[in-house]
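Below: the structure, in structure tokens.
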Amino acid sequence: MRIALSQLNSGTDPAANLGLARAEIAAAAEAGARLLVLPEAFSCRFGVPLGPVAEPVDGPWAEGLAEAADAAGLTVVAGAFSPGEGGRVRNTLLARGAGVRDHYDKVHLYDAFGFAESDTVEAGTRPVVLDVDGVGVGLATCYDVRFPGLFQHLAGAGAQVVVLVASWGAGPGKVEQWDLLTRARALDCTSFVVACGQAERAEAHGPAPTGVGHSRVVGPLGQVVAALDAAPGRLVVDLDLGEVAAARAAVPVLTGRRF
């Protein structure tokens, strides 16, 4: 399975960000990828009011994404925002193209390191596993990476690949934590973890988590298959899904767990 990750910085104009998405979809299709991953908050970066940019999951931004992915014949996963209850939004991951129409609302909200995502975001409740060319692909967003149970649940529901999108918060030791957590979650669920974040920004936007880069593909035994640094970039990687079966035979943590 050939996948692509685009580590970019989205801005505050959803139309401009959709243009970036269309360009990355075209580039991924040209490279022969069947799945393209774009970061969290791709329709609009954090650090501005999210209510005005939130759209239904069948709204114009999502439909524009679907149209481009369908035309290219691949599946794209991209972070956006949809309306929630009580004036809040949902941190939504859209999956569109090549027969896929689904979305995941972030379950674990980033109430950590002095930031309170739950002030403006409503938590989701539904884990999601996509079928991409017959391969189970689970979805997770940023702070979800700190919760091993979600990754094991996704693997138990058929995921051989877990897509993790992020707009990781900067700070002392945060890149090291990202490295440790992505590798640990791959080991926990003996699956590939395809982790794509916003690139590091030159300018800060208050306390908002706006990205540190270091997107990577991690193998089912925790090895880093390919990775970027902090700057914008793109990865195209062929996943050997036979490695998942081999890892699960060698380290049967999914069948051996008791809780």
Side-chain angles (χ1 to χ4, degrees), residues 5 37 39-41 46 77-82 84 88-95 102-130 136-171 173-198 207-209 211-212 214-224 244 247-248 251-259:
L5 298 80
V37 184
E40 178 187 19
F46 286 115
V77 174
F81 300 99
S82 60
R88 293 188 292 175
V89 302
R90 295 187 180 95
N91 188 338
T92 297
L93 194 50
L94 299 169
D102 211 336
H103 70 278
Y104 165 70
D105 294 327
K106 185 180 180 184
V107 170
H108 301 102
L109 300 183
Y110 181 56
D111 290 357
F113 294 98
F115 189 84
E117 188 176 17
S118 61
D119 285 348
T120 57
V121 177
E122 178 186 3
T125 59
R126 180 179 68 102
V128 173
V129 177
L130 311 173
V137 178
L139 301 182
T141 302
C142 207
Y143 194 57
D144 281 335
V145 75
R146 295 184 181 272
F147 298 87
L150 174 61
F151 285 70
Q152 292 191 325
H153 177 90
L154 293 171
Q160 296 173 274
V161 178
V162 178
V163 164
L164 170 68
V165 303
S167 184
W168 199 251
K174 292 297 296 298
V175 171
E176 290 82 358
Q177 290 176 34
W178 170 253
D179 173 67
L180 174 63
L181 289 163
T182 53
R183 297 176 70 183
R185 294 300 81 83
L187 282 165
D188 289 333
C189 66
T190 46
S191 304
F192 282 99
V193 170
V194 177
C196 182
Q198 298 250 356
V212 297
H214 294 275
S215 300
R216 73 263 315 280
V217 175
V218 183
L221 290 178
Q223 73 279 26
V224 177
V244 174
R248 292 177 180 180
V251 190
V253 293
L254 294 175
T255 57
R257 60 193 171 120
R258 295 291 180 262
F259 304 100

Evaluate H103 against R126 for side chain to side chain contact (heavy atoms under 4.5 Å, CB included), listing each step before the verdict. CA-CA 10 Å; H103 70 278; R126 180 179 68 102; 4.0 Å; yes

Could you give the distance from [atom1] ([X]) to [atom2] ([Y]), rounded to the nearest 0.5 Å?
| X | Y | atom1 | atom2 | result |
| --- | --- | --- | --- | --- |
| L164 | L93 | CG | CG | 9.5 Å |
| C196 | E40 | SG | CD | 11.0 Å |
| W168 | L181 | CH2 | CG | 5.5 Å |
| K174 | H214 | NZ | NE2 | 12.5 Å |
| F151 | T190 | CZ | OG1 | 13.0 Å |
| T120 | L109 | OG1 | CG | 8.5 Å |

Pairs satisfying side-chain hydrogen bond (donor to acceptor under 3.5 Å, both in side chains), at least one member in residues 139-150, at least two apart: Y104-D144, H108-D144, R146-Q177

Compare every heavy atom of [Y] with every heavy atom of [X], then report the nearest pair and how far apart it is.
| X | Y | value |
| --- | --- | --- |
| G219 | A186 | O-CB, 3.3 Å |
| V129 | A157 | CG2-CB, 3.9 Å |
| G138 | A159 | N-CB, 3.6 Å |
| L187 | V253 | O-CG2, 3.9 Å |
| S82 | D105 | OG-OD1, 4.0 Å |
| L254 | A155 | CD1-CB, 3.7 Å |

If we only count heavy atoms from C-beta on, is the [X] to [Y] side-chain gap below 4.5 Å?
| X | Y | value |
| --- | --- | --- |
| V107 | P127 | no |
| L130 | V77 | yes |
| F81 | F46 | yes |
| F115 | P209 | yes |

Between S191 and R185: side-chain donor-acceptor atoms closer than 3.5 Å: no

Set of side chain to side chain donor-acceptor pair (under 3.5 Å) partners for R183, sequence neighbours left out: none

Quick one: list whatever passes side chain to side chain donor-acceptor pair (under 3.5 Å) with E117, sequence neighbours left out. N91, K106

Taking side chain to side chain contact (heavy atoms under 4.5 Å, CB included) as the criterion, tell me which of V162, L139, V163 meets it with L154. V162

Does the R88 side chain pair with the main chain of S118, one donor and one acceptor, at a distance under 3.5 Å? yes

Under 3.5 Å donor-acceptor, S167 side chain and Q198 backbone: no

